[in-house]
S.K.: 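Here's a structure for you.
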Amino acid sequence: MAQVSQKIRISVGLGACGIAAGAQKTLSALEEAIAARALDVDLSITGCMGMCYREPLVEVRAPGKPGVVYMEILPERVPRLLDEAVAKGQLIQEWVATGDDGGGSEQAFLARQKRIVLRNCGHINPEEIDEYLAAGGYQALRKVLSGMSREQVIEEVKRSGLRGRGGAGFPTGQKWEFCAKAPGTEKYIICNADEGDPGAFMDRSVLESDPHSVLEGMVIAGYAIGSNHGYIYCRAEYPIAIHRLNIAIAQAEKKGYLGERILGKDFSFHITIKEGAGAFVCGEETALMASIEGKRGMPRLRPPFPAISGLWKKPTNINNVETFANVPWIITNGGAAYAAMGTEKSKGTKVFALAGKVRRGGLVEVPMGMTLRQVVEEVGGGILGGRKLKGVQMGGPSGGCIPESLADTPIDYDSITKTGAIMGSGGMVVIDDSTCMVDVARFFLDFTQKESCGKCTFCRVGTRRMLEILQRITEGQGREGDIETLEALAKNIKRGSLCGLGQTAPNPVLTTIRYFRDEYEAHIKEKRCPAKACRKLITYRVIAEKCPGCGVCLKVCPVKAIRGDKKVPHVIDPAICTRCGLCMDKCKLKAIEII
Amino acid sequence: MTECACAQRLLAQDVDLTQVDKVIAAHGSDSGALIPVLQKVQDALGWLPKAAMDRIAAGLRVPASNVYGVATFYAQFRLKPVGKYIIKVCHGTACHVAGATKITEAFERELSVKDGETTADRMFTLESVACLGCCSLAPVAMVQKEAHGRLTGDKVAKVLAEYRKADGGK
Ligand SMILES: Cc1cc2nc3c(=O)[nH]c(=O)nc-3n(C[C@H](O)[C@H](O)[C@H](O)COP(=O)(O)O)c2cc1C
Ligand code: FES
């Protein structure tokens with residue numbers, strides 16, 4: 001890190017979002033330009049800095065000084081960045097995303113956050129174990145192995161009040177204790193990195209940006225429970241995370257933090273990575289274990305719980321990525337320090353993938369107890385394009401939509417559950433008034449319906465029936481009584497399903513009916529979509545006063561639904577129009593509207 | 001599988017089973033090896049031809065029905081050959097509310113295929129996936145490993161043109 005070097009350090013944020021925004025090209029441009037200028041600097045990579053909406057991000061840090069994060073650094077910005085910010089040490093004010101010194105407009109994005117899980121994300125190079133060590137890494141493991149008993153470790157985790165971050169919020173210390181006390185000598189630790197919620201990327205970012213913190217948490221859990229082998233079950237769609245985990249495991253083994261006789265003590269622990277193969281239900285713990293065993297990922301009835309009979313029928317402790325990443329901090333700083341944050345029953349912090357119609361989308365970590373509104377407005381900077389907040393979707397397909405009227409709900413397990421949504425693993429999608437809530441419900445049902453493993457009839461067939469009804473409603477074919485049928489189906493699916501997938505699948509529908517019933521009724525009774533989002537219920541129209549008859553839309557229309565002579569306002573034929581929206585995208589004069 | 005059986009037979013002749021054998025040998029008879037073996041074989045061949053699945057069944061000594069059952073359970077496994085470039089249009093929550101449906105339709109229009117299909121010239125395969133993890137760039141599509149963010153129906157043609165050009169102006 002900075003202390004081992006007296007050079008200026010330039011780090012490029014190479015998380016998946018940075019790479020998507022072109023950070024790899026930025027890195028190459030920097031390499032070339034640094035060589036051309038013969039600058040004596042450290043060029044490094046780092047993980048996700050959290051400000052995904054400003055990618056690609058590049059941090060410039062002079063020795064002994066706080067770093068300055070520059071935003072949207074594409075190759076064309078590289079020469080000026082090197083000439084001014086690096087060579088001359090000047091600040092390029094208009095490119096600053098934020099500085100540790102508090103400068104910059106995006107200060108609020110970080111000021112309201114509390115970074116424990118993300119403590120190293122965006123600061124260290126995730127492919128260099130030395131940087132993790134310099135940031136205090138593996139100190140917790142050292143502390144554990146040089147004098148703490150297994151019971152003391154579990155006690156410390158219990159004291160922290162940490163609850164599982166994978167969704168259900170089960171107390172972690174208690175789970176460890178069950179497994180530690182379970183009879184048997186061969187036990188397993190599993191890290192659930194399947195991250196199935198289709199609007200969430202917390203776990204991926206942690207694995208890409210700070211893989212050692214997860215490994216360290218797993219080794220500590222292994223010691224506490226008496227296990228010598230761990231598995232990380234990671235989504236196959238996360239190639240960068242898997243790549244960095246492999247590097248981290250190799251480096252940790254080499255330095256003696258993993259493998260045989262860790263730190264010379266009488267304790268060994270090995271970690272194997274298993275790639276998922278694209279099934280949402282495999283995030284469920286019993287399905288996940290079936291998948292590791294090479295079978296179809298079908299959940300089974302519990303009990304027996306994994307703590308008694310899990311992987312290969314041995315006692316198994318399974319936790320989420322974020323849960324493990326909290327552990328080293330708790331051991332180092334003490335459970336009490338962790339429990340000092342948050343609310344009475346929800347301690348510590350929670351990481352969210354903030355996305356949707358919010359100005360500053362990205363990876364955020366806030367203390368429990370902060371309200372949803374604070375997250376959206378203060379951390380997220382409010383709604384994009386000056387539109388209105390309509391609600392917040394939490395917990396993905398198992399969760400629900402919390403309306404704006406309840407935006408002052410504090411973020412803790414119990415308060416969120418009371419709204420009908422769930423805390424979930426951390427997906428938080430902000431919804432504005434241009435989004436149709438019936439369509440959102442249909443979207444999630446479509447997802448769970450496809451992902452149902454098919455074992456329970458209610459889940460397999462019931463979700464299908466619900467989807468058909470929602471489909472009809474959004475197409476203007478809704479009928480009197482549809483809402484009641486949806487509610488009845490929901491109740492039976494919840495009751496008749498074996499695993500969490502079916503038990504929670506109706507939640508997005510139930511919460512939208514509960515809070516946005518008027519939108520359902522507008523679709524059913526008036527055949528109208530208030531958000532103007534449902535295709536079959538809208539019409540594209542040319543605003544004659546604004547249309548100079550330039551012919552652009554006419555040419556772009558793939559079905560030739562637009563007619564009109566040059567210099568005369570054009571007309572769209574609704575009978576031919578497929579509502580693809582291409583004309584609206586193309587019209588620079590904004591002369592096309594949806595009615 | 002419902003495609004024409006003679007096409008299967010034709011394709012089966014092209015399958016390089018020595019690659020399959022190599023993967024099986026590397027994994028030995030590990031318990032739980034089936035999924036990793038299928039993944040590696042698909043990496044090597046691009047998809048899972050029936051001949052390869054039969055070979056895996058024999059090599060790992062599991063019933064062919066198990067292999068087929070697992071291969072059809074997981075979305076990752078492809079039972080049909082794919083194009084040179086795989087286009088994954090994100091249909092995660094953020095991309096959905098940002099208009100992912102229109103993006104898929106634009107690709108369908110430009111390529112004259114439906115979602116899940118491959119173009120006749122075997123250049124492109126169009127797929128839908130859930131969350132690519134760059135939600136702040138929604139709507140997003142990934143071509144091979146390259147993500148394209150903030151797409152519009154209009155930009156889709158430009159993205160495709162890039163790859164066609166890179167491939168020799170086809
Ligand atoms: C359908 C379904 C999907 C799930 N997906 C995930 C997931 O992607 N990641 C995760 O950590 N937990 C997921 N879970 C929860 C796990 O079953 C399990 O409770 C969790 O991994 C326990 O870890 P924790 O105590 O640290 O939260 C899912 C549960 C269900 C029912
Ligand atoms: S929803 Fe598309 S990238 Fe996350």
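Remember, predicted model here, so these are calculated numbers, not experimental data.
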S.K.: As an exercise: rank Pro239(A), Gly361(A), Ser291(A) by heavy-atom pairs under 4.5 Å with chain B and give me the winner.
M.R.: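 That would be Ser291(A).
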S.K.: Do Cys131(B) and Glu237(A) have side-chain heavy atoms sitting under 4.5 Å apart?
M.R.: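 Answer no - side chains too far apart.
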S.K.: Anything under 30° is parallel, anything over 60° is perpendicular, the rest tilted; go ahead and classify His229(A) against Tyr231(A).
M.R.: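 His229(A) and Tyr231(A): parallel rings.
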S.K.: One thing to verify: whether Lys586(A) and Asp154(B) come together as a salt bridge, which I'm taking to mean a side-chain N less than 4.0 angstrom from a carboxylate O.
M.R.: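 A salt bridge links Asp154(B) with Lys586(A).
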S.K.: Can a salt bridge be assigned to the pair Arg78(B) and Glu127(B) using a cut-off of 4.0 Å between side-chain N and carboxylate O?
M.R.: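 Yes.
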S.K.: Determine the option with the most heavy-atom pairs under 4.5 angstrom with chain B, choosing from Gly15(A), Gly276(A), Gly18(A), Gly22(A).
M.R.: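 Ranked by contacts with chain B, first place is Gly276(A).
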S.K.: Can you tell which part of Val358(A) gets under 4.5 Å to a heavy atom of chain B, answering side chain, backbone, both or neither?
M.R.: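 Neither; nothing under 4.5 Å.
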S.K.: Report the option among Ala94(B), Ala71(B), Ser136(B), Gly99(B) that has the most heavy-atom pairs separated by less than 4.5 Å from atoms of chain A.
M.R.: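 When all of Ala94(B), Ala71(B), Ser136(B), Gly99(B) are compared, Ser136(B) has the most.
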S.K.: I'd like to know if Asp433(A) and Lys390(A) make a salt bridge, using a cut-off of under 4.0 Å between side-chain N and carboxylate O.
M.R.: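 Between Lys390(A) and Asp433(A) there is no salt bridge, as every charged N stays at least 4.0 Å from the carboxylate O atoms.
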S.K.: Does anything in residues 98-115 of chain B pair up under salt bridge (charged side-chain N to carboxylate O under 4.0 Å, His left out), and if so which pairs, sequence neighbours excluded?
M.R.: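 Every salt bridge (charged side-chain N to carboxylate O under 4.0 Å, His left out) pair that includes a residue of residues 98-115 of chain B, provided the two are not neighbours, is Arg535(A)-Glu105(B).
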S.K.: Can you tell which of Asp439(A), Asp197(A), Ile431(A) has the highest number of heavy-atom pairs within less than 4.5 Å of chain B?
M.R.: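 Heavy-atom pairs under 4.5 Å are most numerous for Asp439(A).
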S.K.: Please flag which part of Phe444(A) lies under 4.5 Å from any non-hydrogen atom of chain B: side chain, backbone, both or neither.
M.R.: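 Contact with chain B: side chain only.
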S.K.: Report yes if some heavy atom in the side chain of Arg387(A) is under 4.5 Å from a heavy atom in the side chain of Lys357(A); otherwise report no.
M.R.: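 No, their side chains stay 4.5 Å or more apart.
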S.K.: For chain B, find which of Gly196(A), Pro198(A), Gly278(A), Ala355(A) contributes the most heavy-atom pairs closer than 4.5 angstrom.
M.R.: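 So the answer, after comparing Gly196(A), Pro198(A), Gly278(A), Ala355(A), is Pro198(A).
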S.K.: Answer with side chain, backbone, both or neither: which region of Thr93(B) has an atom nearer than 4.5 Å to a non-hydrogen atom of chain A?
M.R.: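 Contact with chain A involves both backbone and side-chain atoms of Thr93(B).
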S.K.: Chain B heavy atoms under 4.5 Å from Lys450(A): which part of the residue, side chain, backbone, both or neither?
M.R.: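 Neither part.
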S.K.: Salt bridge or not for Lys158(B) and Glu162(B), using N-O below 4.0 Å?
M.R.: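 No, this pair does not count.
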S.K.: Let's test your reading of the structure: which of Gly69(B), Gly149(B), Cys95(B) forms the most heavy-atom pairs below 4.5 Å with chain A?
M.R.: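 Of Gly69(B), Gly149(B), Cys95(B), Gly69(B) has the most heavy-atom pairs under 4.5 Å with chain A.
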S.K.: Can we call the ring centroids of Phe447(A) and His96(B) under 6.0 Å apart?
M.R.: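 They do not qualify: ring centres at least 6.0 Å apart.
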S.K.: With chain B, which of Gly297(A), Ala353(A), Ala21(A) has the greatest number of heavy-atom pairs at distances under 4.5 Å?
M.R.: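 Top count of heavy-atom pairs under 4.5 Å with chain B: Gly297(A).
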S.K.: If you count heavy-atom pairs under 4.5 Å with chain B, which of Pro558(A), Cys436(A), Gly581(A) comes out on top?
M.R.: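 Ranked by heavy-atom pairs under 4.5 Å with chain B, first place is Pro558(A).
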S.K.: Where does Leu38(B) contact chain A at under 4.5 Å (heavy atoms): side chain, backbone, both or neither?
M.R.: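 Contact with chain A involves no heavy atom of Leu38(B) at all.
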S.K.: Given that the side chain runs from C-beta out, which part of Arg296(A) has a heavy atom under 4.5 Å from chain B: side chain, backbone, both or neither?
M.R.: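 For Arg296(A), heavy atoms of backbone and side chain both lie under 4.5 Å from chain B.
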